[in-house]
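Quick caveat, the model's predicted, so the values are computed rather than measured. The chains referred to below are lettered A, B, ... by the order of the sequence lines, with proteins before strands, and numbering in each begins at 1.
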2 protein chains.
Amino acid sequence: MDNTLAMVEGEGRQRILAAAEKLFSDKAFDAVSMNAIACEAGISKANIYHYFPNKDTLYLAVLRVASHNLRAVLNEAVSAHGSVLDVLRHFARNHLQALLNRPQLVRLVWREILERGAPRAQEFAEQGFADMFSALVDVLKLGQSRGEFRQDFDPALVATLLLGANVFFFQSRDILRHYPPITFADDPAGYVAGIVEILLRGLVPAPS
Amino acid sequence: MDNTLAMVEGEGRQRILAAAEKLFSDKAFDAVSMNAIACEAGISKANIYHYFPNKDTLYLAVLRVASHNLRAVLNEAVSAHGSVLDVLRHFARNHLQALLNRPQLVRLVWREILERGAPRAQEFAEQGFADMFSALVDVLKLGQSRGEFRQDFDPALVATLLLGANVFFFQSRDILRHYPPITFADDPAGYVAGIVEILLRGLVPAPS
DNA sequence: TCTGATATTGACCGATTGGTCGGATGTTTT
DNA sequence: AAAACATCCGACCAATCGGTCAATATCAGA
């Protein structure tokens, strides 16, 4: 019976996890030392080993919670209502906004996806993908069954296209920014709106 | 007057660069030791320092040549002729094919883009971007001026969308593969064809 | 054949790495 | 109070890190 201060069950653990998440999201696994993590967490290095048996386990734990949180954030951003078209628009906008709101989590998980030879936690990433995909594919299928979308495209392909556009925007935002003809680098909402509009209406003028 | 064998001016240099490129493309900077590079190149570690003053310089050199080669490969893939529509299709297909043909180069450059706090060679990446973008934007603008495309979209935005779709496909191909509703993970040509078709015609049925 | 320059190496260096250990702090339970 | 427990840390360890250096091997031009 004391939650007086700093003793609320696993407080030390979470301090370590938070510090590790912060550092691992900026630099790669080998570029982050246990010393740096301990320093960031304000504890001693040896103390980390009281909670985690080794560096890999700690990293795995960080990745697990990060993936879980990111998944929650993204799933939360999905829910919408109204016409299929509105749902699609909301989905795209909220998805990108969620990515931009939690850059640490996104970078952490995405780096793991890109690293080779070490499928340490591909399962996590796949779970996140699965959720996004199925939700988006469902929306598209609904649109098709309602006749609001044409029937002759693969919903999974369009889902890939849309999610990819958002992820790409997130990843290369800094580069896009100092590139003259691009005006939407700092206007994610405008970017998404433009993309969705193009997706819906296409590049080719409608036959009159 | 001897190119008999193994003495063709900077042969040692290139061996080192090749080994470093291979290792750096799989693992991050700190995860690759000079020892590993020397071993991969079949020489001694000390010998590396005869050609490169330190690890950073070597990495920079690797990134420089990789970026240059990637840029050449991508630019080569761009050239096309025929109707604007055909040019666009060729562009998209060849661009993705170029990415898939040189996964090492792409991963190397792209990792550098994603790493934080160390803009070691962002210039290289930006150059590659600039080329692709301007080429693609030009195609789209041409289509607009010819009236083959509608006028009310931002060419830079569509270029981002298309390039992003390809990069995203390249990056997350492994994940896409073991995801049931996706049938195009091993069919890049089909993927690109589907994407371009959607881009051109849009999701919404043409008004009859 | 001598000479100067370029390649190449093994041995070594200080620093840092991930990880261990014994003991010093409490806190809780008995 | 004392045993039992979780928490925390300074000091230490072997291994590896990036990097240096003196010594050799190789070879072109004289």
Among residues at least two apart in sequence or on other chains, which ones pass side-chain contact (heavy atoms from CB on, under 4.5 Å) with [X]?
X: D187(B); result: A189(B)
X: R13(A); result: Y51(A), F52(A)
X: N54(B); result: D56(B), T57(B)
X: E21(A); result: V62(A), Q104(A), L105(A), L108(A)

Find every protein N or O atom lying less than 3.5 Å from an N or O atom of nucleotides 23-25 of chain C, and list the pairs.
none

- prompt: So which of residues 35-44 of chain B are in contact with DNA chain C, with a heavy-atom cut-off of under 4.0 Å?
  reply: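 The stretch gives I43(B), S44(B) as the residues lying under 4.0 Å from the strand, ordered by number.
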Within residues 128-139 of chain A or reaching into it, pairs that qualify as side chain to side chain donor-acceptor pair (under 3.5 Å) - sequence neighbours excluded: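 Output for this query lists R71(A)-D131(A), N75(A)-D131(A).
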Check your understanding: side chain to side chain donor-acceptor pair (under 3.5 Å): which pairs involve residues 156-172 of chain A, sequence neighbours left out?
Key ->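 Sorted pair list: H95(A)-N166(A), Q171(A)-W110(B), Q171(A)-Q171(B).
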*Validation row: L161(A), F153(A) side chains within 4.5 angstrom (heavy atoms)*: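 No, too far: nothing below the 4.5 Å cut-off.
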### Global bending angle along the helix from dT1(C)-dA30(D) to dT30(C)-dA1(D), which compares the axes of five pairs at either end, to 10 degrees
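Overall, the helix from dT1(C)-dA30(D) to dT30(C)-dA1(D) bends by 10° from one end axis to the other.
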*Would you verify whether the NZ or CZ of K141(A) falls within 45 degrees of the ring axis of F149(A) while also being under 6.0 Å from that six-membered ring's centre?*
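Geometry flag: not set, cation outside 6.0 Å or 45°.
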Within this structure, what is the [atom1]-to-[atom2] distance between [X] and [N], rounded to whole angstrom?
X: E11(B); N: dC27(D); atom1: CD; atom2: P; result: 13 Å
X: L58(A); N: dT17(C); atom1: CG; atom2: P; result: 15 Å
X: I16(B); N: dT6(C); atom1: CD1; atom2: P; result: 16 Å
X: R13(B); N: dT8(C); atom1: CZ; atom2: C1'; result: 16 Å
X: R15(A); N: dA6(D); atom1: CZ; atom2: P; result: 21 Å

TODO: Go through the steps for R107(B) and E115(A) under the test salt bridge (charged side-chain N to carboxylate O under 4.0 Å, His left out), then give the verdict.
DONE: CA-CA 9 Å; R107(B) 278 201 300 267; E115(A) 214 71 21; over 6 Å; no
field: Strand-adjacent residues in residues 45-55 of chain B, judged by heavy atoms under 4.0 Å from DNA chain D
entry: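 Result for residues 45-55 of chain B: K45(B), A46(B), Y49(B), N54(B), K55(B), sorted by number.
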Among residues two or more places apart or on two chains, list those pairs meeting ring pair (Phe, Tyr, Trp, His ring centres under 6.0 Å) that have a residue in residues 173-201 of chain A.
->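 Passing the test, one end in residues 173-201 of chain A: F169(A)-Y191(A), Y179(A)-F133(B), F184(A)-Y191(A).
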Inset, instruction - May I ask you to decide if the ring planes of F29(B) and Y59(B) are parallel, tilted or perpendicular, using 30° and 60° as cut-offs? - result: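 Geometry flag for Y59(B) against F29(B): perpendicular rings.
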Pair up each side-chain donor or acceptor in residues 43-50 of chain A with any protein partner under 3.5 Å, not counting sequence neighbours, and list the distances.
| unit_1 | atom_1 | unit_2 | atom_2 | d |
| --- | --- | --- | --- | --- |
| S44(A) | OG | N47(A) | N | 3.2 |

Just by distance, do the side chain of K22(B) and the backbone of I37(B) share a donor-acceptor pair under 3.5 Å?
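No.
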